[in-house]
2 protein chains.
Amino acid sequence: MDIYNLSSRELGLLIYLAQNRAIDKEIEVTTTQIAEFFSISQQTASRCLLKLKEERIILWKSSPKGSLVQLTPTGDSILHQLRFELERALHPDLTSIKLRGVAFSGLGEGKYYISRASYFKEFTSKLGFKPYHGTLNLRINTNDIDRLDLIRGSWPIIIKGFEEEGRRFGDVLCYPLKIPKKTANVAGIIPRRTHYGSNILELISDVYLREILDIVDGDEVVVEFTFEKKKGN
Amino acid sequence: MDIYNLSSRELGLLIYLAQNRAIDKEIEVTTTQIAEFFSISQQTASRCLLKLKEERIILWKSSPKGSLVQLTPTGDSILHQLRFELERALHPDLTSIKLRGVAFSGLGEGKYYISRASYFKEFTSKLGFKPYHGTLNLRINTNDIDRLDLIRGSWPIIIKGFEEEGRRFGDVLCYPLKIPKKTANVAGIIPRRTHYGSNILELISDVYLREILDIVDGDEVVVEFTFEKKKGN
DNA sequence: ATTACTAGTCGCCGAGTAG
DNA sequence: TCTACTCGGCGACTAGTAA
């Protein structure tokens, strides 16, 4: 879903809904209320909601008494993509974002996921390096979560999910990163379904990062995200 | 100019131009290049630029060899308005923004401007208080300039400019503020033509702020901007 | 009250092409 | 090459109205 495929109406409506907290929870709206806010007809408001629903940008339960609306993760991510593009428009000189986080040990899921043949092959071909069989978990500093969300609004490398042994493995989004003064190939990975505002970022690399960086749990790690030329899609 | 009056294409084009640094300077573009980027026809690209020019959102010199484009202050402010709305959409719990700045003495222009009968009357009627005949100049902390720009993206109270004695007095934009723990009526004022990224904010109030706050040049002042319910226009 | 279908109008888009 | 006009078609809007 590309933000530029949305009409201005739909985008405005999405912003309106989000401002009314439709990101976290279902909110009540009526098509008449939307129509008045945007100075359009009630019918158009109805059609816009319908279209957003069809494109799975919102969840919508309509009834003769009114409607309940909530943004889907897709809707949320569209707003973040717009934010990313806008930030770059307003700060064209900004070419990288630094994040600080603290290393911690997870339950080993990262290692498990990377080991899945399907993921491993895609990581290798799309990232251009063979990932070490393990991840370095970072708990991003509270002050930097907003910046993490900004990075997540960029156009990530998408590792496709799959179904295996009756279990669903979802899409994983990869963001190429650098560790200042190190040459290791690094990428931050985040499951697509992770909500914005999360402070967890897992790092994969072609090397054993804990050794290269000489860190243990609790140590601070800085990663840097550098902008590409344009939105790639 | 309301951001919701722009078509999605025009908004996208504006972002594209800004990302290519058309905020600061004239940049070269061709309608074909824009057409390819957005996957539209060259004709539509041409029409979009033409419309943006008519609405004084961009300056555009076109010739058979290509075009030079630059955003007008209006164009810049549209992007900042969008940023403001988007920030509120993504952070609906954020209800106020604090700015830190350092007091300094200007050349007394603020005092001069407020004294102009035309400005004074409008300040009084639109802000709801009689401004003290002087302003408190703040040099906003570098780290907070981005937040100042965010506030400037909101819907300000507009004090209309006028022509007098052969001189042009431009529009002044007012942002209602509060000083933490003080009850004084305060507003930040910024001439409309001031470019974004500026670190100067002038405060007007119904009281003599330097006395109430007990400050001299060089002292730090904190001001707080609180969001209203909705975009007012 | 709501949502949403249908009919009719209007404006926007792309193709062809002129300057 | 550029920009930008005209024209034909289609998509989006409003009004009326059904459910």
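Worth saying up front: this structure is predicted, and the values here are computed from it rather than measured. Proteins get letters first, then strands, A, B, ... in listed order; numbering begins at 1 in each.
Atom P of nucleotide C/dA4 and atom CD1 of A/I40 are separated by 14 Å, given to the nearest angstrom. Note: CD (A/E36) to P (C/dT2) measures 9 Å, nearest angstrom. In this structure, CG of A/L52 is placed 15 Å from P of C/dT3, rounded to the nearest angstrom. The distance from atom NZ of A/K65 to atom P of C/dT3 is 12 Å, rounded to the nearest whole Å.
For A/R168, the salt bridge (Lys or Arg N to Asp or Glu O under 4.0 Å) criterion is met by A/E163, not counting sequence neighbours. For A/R116, the salt bridge (Lys or Arg N to Asp or Glu O under 4.0 Å) partners are A/E164, A/E165, not counting sequence neighbours. Applying the side-chain contact (heavy atoms from CB on, under 4.5 Å) criterion to A/R56, with sequence neighbours excluded, gives no partner residue. Residues passing the side-chain contact (heavy atoms from CB on, under 4.5 Å) test with A/A35 are A/I40, A/Q42, A/A45, sequence neighbours excluded. Applying the ring pair (Phe, Tyr, Trp, His ring centres under 6.0 Å) criterion to B/Y175, with sequence neighbours excluded, gives no partner residue. B/F120 pairs by the ring pair (Phe, Tyr, Trp, His ring centres under 6.0 Å) definition with B/H133, not counting sequence neighbours. Scanning for salt bridge (Lys or Arg N to Asp or Glu O under 4.0 Å) contacts around A/E54 gives an empty result, with sequence neighbours left out. Partners of B/R147 according to the side chain to side chain donor-acceptor pair (under 3.5 Å) rule, which considers only residues two or more places apart in sequence or in another chain, are B/D144. Evaluation of the salt bridge (Lys or Arg N to Asp or Glu O under 4.0 Å) rule for B/E36 yields no partner, not counting sequence neighbours.
Contact detail for A/I58 and A/T72: the closest heavy-atom pair is C-CG2, 3.7 Å.
Computed from C1' positions of five pairs at each end, the angle between the two local axes of the helix from C/dT2-D/dA19 to C/dG19-D/dC2 equals 40°, rounded to 10 degrees.
Look at A/D146 and A/R83 and you find a salt bridge, because one of the NZ, NE, NH1 or NH2 atoms lies within 4.0 Å of a carboxylate O, short of that distance.
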Whether each nucleotide of nucleotides 5-10 of chain C has a protein heavy atom under 4.0 Å at its base (B), only at its sugar-phosphate (S) or at neither (-) is summarised, 5' to 3', as B-----
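Residue order along DNA chain D, read from the 5' end via each residue's closest nucleotide, puts A/K51 first among A/P64 and A/K51. Where A/T30 and B/S39 meet DNA chain C, the nucleotide closest to each residue was compared, and A/T30 sits on the side nearer the 5' end.
Using a 4.0 Å heavy-atom cutoff across all strands shown, A/S7 reaches no nucleic acid atom at all. Nucleic acid contact for B/S46: base, since at least one base atom lies under 4.0 Å from a heavy atom of the residue.
Contact between the side-chain N/O atoms of A/S62 and the OP1/OP2 oxygens of C/dT3 is not found at any separation under 4.0 Å. The side chain of A/S67 places no N or O atom within less than 4.0 Å of a non-bridging phosphate oxygen (OP1 or OP2) of C/dT2.
The nucleotide range of DNA chain D contacted by chain B, defined by atoms under 4.0 angstrom from heavy atoms of the protein and reported 5' to 3', is D/dC2 to D/dC5.
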